[in-house]
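Okay, structure first, notes after.
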Amino acid sequence: MAASSTAVAATLMPLLIRLLRGASDLASVSSTHAKLLKLGTVSTVASSNHLLAAYCRCGSVAHARNLFDGMPERNVVSWTALMSGYAGGGRPRAAVALLRGMARGGVAPNAFTFSTAASACARLADACLGRQVHARAEVAGYARDSVVATALVDMYGKAGRVGDAREVFDGMPAAARNTVSWASMMSAYAQNALGHDAILLFAELWNNGEDMAPNHFMLSSVMNACAGVGRLGIGRCVHGMVFRHGHEENEVIAVALVDMYSKCGCYDYSKKVFDRIKQPSVIPYTSIIVATAKYGLGKRALALFSDMVDQGVQPNSVTLLGVLHACSHSGLVDTGLQLLHSMRSKYGINPCASHYTCAVDMLGRAGRLEEAFKLANEAQIDGDDALMLWSSLLSSCRKHKRLELATMAGEKVSEFTQDVAGALVAMSNTYASAGQSEDAAAVWSNMRRRGIRKDPGCSWIEIKDIPYVFYAGVVSPASEKARELMLLLDEMEGKMREKGYKGRIGGARVLDADEEEEEGEGVMVGVHSELLALGLGLLVIPKGMAIRVMKNLRMCSDCHEAFKLISGIVEREFVVRDLNRFHHFRMGSCSCNDYW
DNA sequence: CTAGGGTTAG
């Protein structure tokens, strides 16, 4: 009798296990669980582990936990399965905490455990916790395992510690570095605004002739890097690889391409790629809407949005932000306000800080500053989000020369202690443009006293696939080209004077090779970096080709004016990507119609 | 039986 029931169990078990592996819903896992209980075999560690994993896969960590708690014996697989369940179920902190639990239970973690724990830390973007996991993995001898090390690279990258990520990557045995490891290191760079380094690493992999076909993960990471830094040349080359390796139907790749072309100043290509996507989901739609917004094509962005809704695609919070941006950059202020106030009822999305900031910016840009202040106060935003909101108001006040309101916004800003550099510079510039240079200088000396430094503004231009970066007021290294560049800008300045231009674009210093750039001493900086980049473009990019310049800050109105004039003088097209949007200069005017 | 990577915004 007993022998026959054991025999039945032995034949049924593999079947039930197979059933579990294919199960994706709670009901079928539960019913298999019941059958296993009837057979009396559930108490073995292996069958319980199968059940644990199945509960986690179908998203019911609570059931998994119950089962786990009732297990008389647990091994490393049981612990790791549960950990993976927590990590995937949006409770990464609980996942990592299990590491301590298993130590108490006397179970030794393995490579699976550490990679799961590291990936949980990545989700948390918590370098401190991640470092502890790293240390434990090191002690246990798993830190150089291919998967564990790759998870650590990803973790450090997501936690903003690129240097640590690179250290783990470099410490891996060469044989352990596979496509995933390389792709993870590239995304670590790309996600930390170090796109040029991501591209260099990609090139390194390429030039070493490693026999590693780029998969769609790697290609989208690199494409993302190209988008971030506006490297059209490399981006096109990567597009070619996408074709050669047959990834052009992949939607994630297509989105990366849409994004890359739009951020490199090629809206038309971006739109072409988008139009080839068969059934675009919310992300490609959002991407093209944001792109359209950045080119100042507000009406077109709104049309794309209504297409999307007609197709039954649910917008998300990012989509609505994109649509608000479109309204903002095109002066469709009342449409934008209606959208803000109806997004909850129409699309079920609660406006959050970024939506309010965008709307406040839209009102401010349009000069409706009283309304902007009212909305800013009503929105009840606090924390770091509030800094963004008030900084944006501050720059609107400056643009519309409303010093009294600027001071109010400035007071709000000065309550913050972190990341205030940008706002303080805006405040100083506000005083400067109102002619109060002493107040402006006071803000600077206050910043110096508090040790607050601002990332310098810079611009860059890609020439024959190589980026050239410029900082305000200086050209280096000293070379024949540098001198030619200065002469050209002087010449342009002269021609612009005849057309009534009052700014100054020549006279940057040429730095000698061994000379270090000094700290900016005061409010006045020299020639802005975008003009230097433009000058190089004029020197070396053949006539007939558009010159594309990228900048890490917003374009100032003097430079904007200069670009317009020069486009008329030399009869060429320039595309400038600034922090927020694109400007397309042609025949003396700009696509933004001076509204930005 | 348990593990790592990619897309939209800021």
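In what follows, chains carry the letters A, B, and so on, assigned in the order in which the sequence lines appear, proteins first and then strands, with residues in each chain numbered from 1.
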[X] [atom1] to [N] [atom2]: how many Å, rounded?
X	N	atom1	atom2	result
A:Asp259	B:dG6	CG	C1'	13 Å
A:Glu248	B:dG6	CD	P	22 Å
A:Tyr142	B:dG4	OH	P	17 Å
A:His245	B:dG6	NE2	P	20 Å
A:Phe274	B:dT8	CZ	C1'	12 Å
A:Met218	B:dG4	CE	P	18 Å
A:Glu249	B:dT7	CD	C1'	16 Å
A:His329	B:dA9	NE2	P	12 Å

Please confirm whether any donor atom in the side chain of [X] sits under 3.5 Å from an acceptor in the base of [N], or the reverse.
X	N	answer
A:Thr150	B:dG4	yes
A:Thr116	B:dA3	no
A:Asp154	B:dG6	no
A:Asn215	B:dG6	no

Identify whether any heavy atom of [X] sits under 4.0 Å from a base atom; if not, whether one sits that close to sugar-phosphate; answer base, sugar-phosphate or nothing.
X	value
A:His216	base
A:Thr319	nothing
A:Ser181	base
A:Asn110	base
A:Asp361	nothing
A:Ser354	nothing
A:Ala111	base
A:Met388	sugar-phosphate
A:Val180	base

Looking only at side-chain N and O atoms, does [X] come under 4.0 Å of OP1 or OP2 in [N]?
X	N	answer
A:Lys158	B:dG6	yes
A:Gln191	B:dG5	no
A:Lys294	B:dT8	no
A:Asn224	B:dG6	no

Which of these nucleotides, [options], is closest to any side-chain atom of [X]?
X	options	answer
A:Thr80	B:dT2, B:dG5, B:dT8	B:dT2
A:Ala151	B:dG4, B:dT2, B:dG10	B:dG4
A:Leu321	B:dT7, B:dG6, B:dA9	B:dA9
A:His325	B:dT2, B:dT7, B:dG10	B:dG10
A:Asp145	B:dA3, B:dT2, B:dG4	B:dA3
A:Asn75	B:dC1, B:dG4, B:dA9	B:dC1
A:Val290	B:dG4, B:dG6, B:dA9	B:dA9
A:Ser221	B:dG6, B:dA3, B:dG4	B:dG6
A:Ser184	B:dT2, B:dG5, B:dT8	B:dG5

When you compare the side chains of [X] and [Y], does any donor N or O come within less than 3.5 Å of an acceptor on the partner?
X	Y	value
A:Thr150	A:Ser181	yes
A:Asn224	A:Ser221	no
A:Arg577	A:His583	no
A:Tyr156	A:His134	yes
A:Arg365	A:Ser396	no

Handout entry: Pairing of A:Arg554 and A:Asp361 as salt bridge, 4.0 angstrom limit
Key = yes

Exercise for the section: Take A:Lys272 and A:Asp268 through the salt bridge (Lys or Arg N to Asp or Glu O under 4.0 Å) test and state the conclusion after the steps. Expected result: CA-CA 6 Å; A:Lys272 262 183 206 153; A:Asp268 294 345; over 6 Å; no

Exercise for the section: Kindly confirm whether the side-chain ring of A:Phe217 is stacked on the base of B:dG5, judged by centres under 5.5 Å and planes under 30°. Expected result: yes

Exercise for the section: Please work out which of the three classes, parallel, tilted or perpendicular, describes the rings of A:Tyr295 and A:Phe582, given edges at 30° and 60°. Expected result: parallel

